Amino acid sequence: MYLFPGCIPCLQMCSLKNVAWAGFLTLMMCASGQKPLQTLLVGVDHRTVMSLNGEWHYLVDQSPGRALYTANGEINDKGYAMNEHPNIVGKHNQEYDFSTAPTLKVPGDWNTQVPQLFNYEGVVWYERDFEAQPKAGTRTFLHIGAANYRSHVWVNQKRVCDHEGGYTPFDCEVTAVWHSGSNFVVIAVDATRLADGIPSVGIDWFNYGGLTRDVSLVTVPEAFIDDYDVHLTDGVKFDPENAEISGYVHVLDAPAGTVVTIEIPEAGLKTSGKTDSEGNATFSMKAQGLTLWSPDSPKLYKVHLSAGADKLTDDIGFRDIRVDGTRILLNGKPVFLQGANMHAEAPVRGGRAYSDEDVSTIFGYLKDMHANFVRLAHYPHDERMERAGDRDGIMIWSEIPNWQHISFDKPEVYAKDVAMLREMIRRDRNKASVILWSVSNETPNNPSRTKFLTDLANEARRLDSTRLITSAIIGPKPNGMEMVNDDPLCDALDVIGQNEYIGWYEMTPEDADKIHWTFPQKPVVMSEFGAEAKFGNHGAVNQRWTEEQQVYVLQHQLVMLSKIPQLRGVTPWILMDFRSPTRNIPRLQDGYNRKGLISEDGKKKQAFFLFQKAYSEHAVGKAE
Ligand code: GCB
């Protein structure tokens, strides 16, 4: 979500009448009077960019951001952002110097790079010099894949943007502030958890701070393609005989009537359209004989887009996903989702996942397990994950970090949520692998939360009608052996996600055999269940933290799951052990949530093989 200079107080000051995105933008304008930055470039990983990955100098701010925030909470533009250097002779001036400061690798969290910063959740200042040769007739954006949690960006001492949200990309225009020769960028990243943040302060994962994903400079023509949506038209029914590809190409700052072309040579398709006064060109074209994307055949087509001087080629798959009663249909065929949950943590290396290698290791585990699905908990992961899902045929659940307790009664928090939802959808709407947008995880069942998340689910549907909307629900409390999910949030969902920890946090493993579930008549994905075990810790099935007990709990879960007629997917919690500062049993947890089927250093526990076998035999549930 973009913030503008002066807009943090604005979030509290302004009255919010319309909480939709447009209203949010109005809100952002009201204090600063500035036009909000709306650019969020789609498909950056398919453009030629100048990478700014690598070593960045850094300074650690005194908590809670002494150099970043003024006494009244505004952003200090005259401090470290100036990137001045101390006088060694002569008049005393500054007492910092980026040029001789130590460096951090970008992308990367600071926690796993500098031992002293392991638990640091405050402000770190990053600085990097770069050479540039701006070309006339072009515009350039600094693209930041993700920075956790709030970021403030200056180029050559001018603030170019501010952003809140740790897991989605943003772009800051530098055209007016950079020049030929040597330039510098300073970014202050504040990882402080906020009561009104998303997520809020209490989380069961590690709050890695920093510039955690790729950073690059993207140069585009003056009018350029900033957003597009190319999908198989989702008509009232799936009808491959009359297949059609439709969508839009948005050309920012294009004069109305700019010609846009969309070409898919391998499918023999080409069409063109003209932008309207908003820069939007919609299109649709008949597309018979397409090879549709599916896990068995993850076919991607090269899609060439061009508009005026700008062009871009993306790899896009076409598929239809919909719900029919309690079934999930992929390309008209019932599908059962065999998956696992995953946090964005790098196998073996540890820390935030950001590289091709991290992603290929994770997808290697999923393939080895015979999974066709992954729930990317609890926030959008690196875009490489969706790209890998597209290539490898793994369907994806993508979620925004509405985790448990959020300030559901605050309109400004809703506005932030809509912005994050929009950023998530915008980045990944062209990825065939993404089949589910999740609006939340385990939120308390009360009227303000239900209204908030129902509105958000409807907003997601409005933004993207080609996917299914879900949420991971927690509760009900067992009534004897009866579990009745009557959460009103289910009304707003296409697919119900259900979390439960029978046999671990509640009841006994054997109780699971006797449990009877009742759900609204919709498809259900059992989105979390599990038990903790330390790899290599062995013992009896009633001995906590052993691999044997983890398997025992999961075996009983499988008995229970096989009796839920509308079960259409499972994602055990979790593929890999992950860091969580709330998990503090020495020698067993040591700061890790140990419900992984695989340890953080890549060792497969017995539970992994339980699922590997069950999934290879398609033994967990039925597609219809
Ligand atoms: C949950 C949460 C997840 C936790 C997990 C656990 O219900 O959704 O974020 O990590 O339980 O291990 O307790």
Side-chain angles (χ1 to χ4, degrees), residues 148 166-167 193 197-208 339-345 352-353 374-381 397-406 436 438-445 449 453 470-478 483 485 487 489 493 495-507 509 512 524-535 544-547 549-550 553-554 557 560-561 569-585 588-600 605 607-608 611:
N148 190 34
Y167 304 99
R193 288 184 256 172
I198 304 166
S200 186
V201 284
I203 50 174
D204 182 26
W205 69 87
F206 200 91
N207 185 33
Y208 291 111
N341 282 279
M342 184 68 202
H343 263 294
E345 220 162 78
R352 266 279 163 268
V374 63
R375 173 177 178 223
L376 301 182
H378 285 299
Y379 39 77
H381 289 209
W397 160 320
S398 180
E399 184 160 297
I400 50 170
N402 282 321
W403 193 87
Q404 296 191 354
H405 297 278
I406 298 286
L436 285 161
S438 166
V439 293
S440 55
N441 175 76
E442 296 190 351
T443 52
N445 179 351
R449 155 289 204 169
L453 291 178
T470 192
S471 161
I473 306 272
I474 193 72
K477 293 235 175 312
M483 299 287 265
N485 177 331
D487 191 321
L489 181 57
L493 309 176
V495 172
I496 300 167
Q498 178 70 56
N499 293 358
E500 49 84 15
Y501 283 89
I502 294 161
W504 182 254
Y505 290 130
E506 56 183 346
M507 308 170 91
V524 172
V525 171
M526 203 54 92
S527 40
E528 286 185 32
F529 53 98
E532 295 204 28
K534 167 97 189 234
F535 173 83
R544 287 208 153 221
W545 316 102
T546 61
E547 288 195 47
Q549 202 213 24
Q550 186 185 32
V553 170
L554 292 168
Q557 283 283 328
M560 181 190 82
L561 293 170
V570 292
T571 48
W573 189 258
I574 182 169
L575 185 62
M576 214 181 75
D577 290 350
F578 61 97
R579 272 205 183 94
S580 173
T582 64
R583 308 291 175 171
N584 287 319
I585 306 178
L588 291 170
Q589 294 180 308
D590 298 313
Y592 282 86
N593 182 316
R594 298 261 177 230
K595 296 190 189 73
L597 308 178
I598 303 174
S599 67
E600 78 282 7
K605 304 181 197 171
F608 178 88
F611 278 93

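Indexing begins at 1, ligand by ligand and atom by atom, following the structure's order. Since the structure is predicted, the reported quantities are computational estimates derived from the model, not experimental observations.
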Inset, instruction - May I ask you to check whether H343 has an N/O atom sitting below 3.5 Å from an N/O atom of ligand 1? - result: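 Not met; the criterion fails.
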Legend entry - Any N or O of Y501 closer than 3.5 Å to N or O of ligand 1: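 The answer is yes, given that Y501 and ligand 1 share an N or O pair closer than 3.5 Å.
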I need the atoms of ligand 1 closer than 4.0 Å to a non-hydrogen atom of [X], numbered in the order shown.
{"X": "R583", "result": "6 (C), 12 (O), 13 (O)"}
{"X": "F578", "result": "10 (O)"}
{"X": "E442", "result": "1 (C), 2 (C), 7 (O), 8 (O)"}
{"X": "N593", "result": "6 (C), 10 (O), 12 (O)"}

Could you identify the single nearest non-hydrogen protein atom to [atom] and state the distance to 0.1 Å?
{"atom": "atom 4 (C) of ligand 1", "value": "D204 OD2, 3.1 Å"}
{"atom": "atom 12 (O) of ligand 1", "value": "K595 NZ, 2.5 Å"}
{"atom": "atom 1 (C) of ligand 1", "value": "E528 OE1, 2.8 Å"}

Legend entry - Over all atoms of both residues, closest heavy-atom pair of I474 and N499: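 It is CD1-O, 3.4 Å.
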From [X] [atom1] over to [Y] [atom2], what is the distance, rounded to the nearest 0.5 angstrom?
{"X": "L453", "Y": "I473", "atom1": "CG", "atom2": "CD1", "result": "8.5 Å"}
{"X": "T443", "Y": "W403", "atom1": "OG1", "atom2": "CH2", "result": "11.5 Å"}
{"X": "W205", "Y": "I574", "atom1": "CH2", "atom2": "CD1", "result": "10.5 Å"}
{"X": "M576", "Y": "K595", "atom1": "CE", "atom2": "NZ", "result": "15.0 Å"}

Please state which part of [X] comes within less than 4.0 Å of ligand 1, counting heavy atoms only: side chain, backbone, both or neither.
{"X": "H378", "answer": "side chain"}
{"X": "I474", "answer": "neither"}
{"X": "N441", "answer": "side chain"}

Legend entry - Option with minimal heavy-atom separation from atom 13 (O) of ligand 1, where the choices are W403, W504, Y505, W205: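 Considering heavy atoms of W403, W504, Y505, W205, the nearest to atom 13 (O) of ligand 1 sits in Y505.
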Inset, instruction - Classify the angle between the aromatic ring planes of W573 and F578 as parallel (below 30°), tilted (30 to 60°) or perpendicular (above 60°). - result: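 Plane angle over 60°, so perpendicular.
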Legend entry - Ring centre gap for H343 and Y379 strictly below 6.0 Å: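 Yes, the ring of H343 comes within the 6.0 Å limit of the ring of Y379, centre to centre.
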Inset, instruction - Identify whether the distance between the nearest side-chain nitrogen and carboxylate oxygen of R583 and D204 falls below 4.0 Å. - result: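 So R583 pairs with D204 through a salt bridge.
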Legend entry - Carboxylate-amine/guanidinium contact R375 E528, below 4.0 Å: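 Looking at R375 and E528, the cut-off is met.
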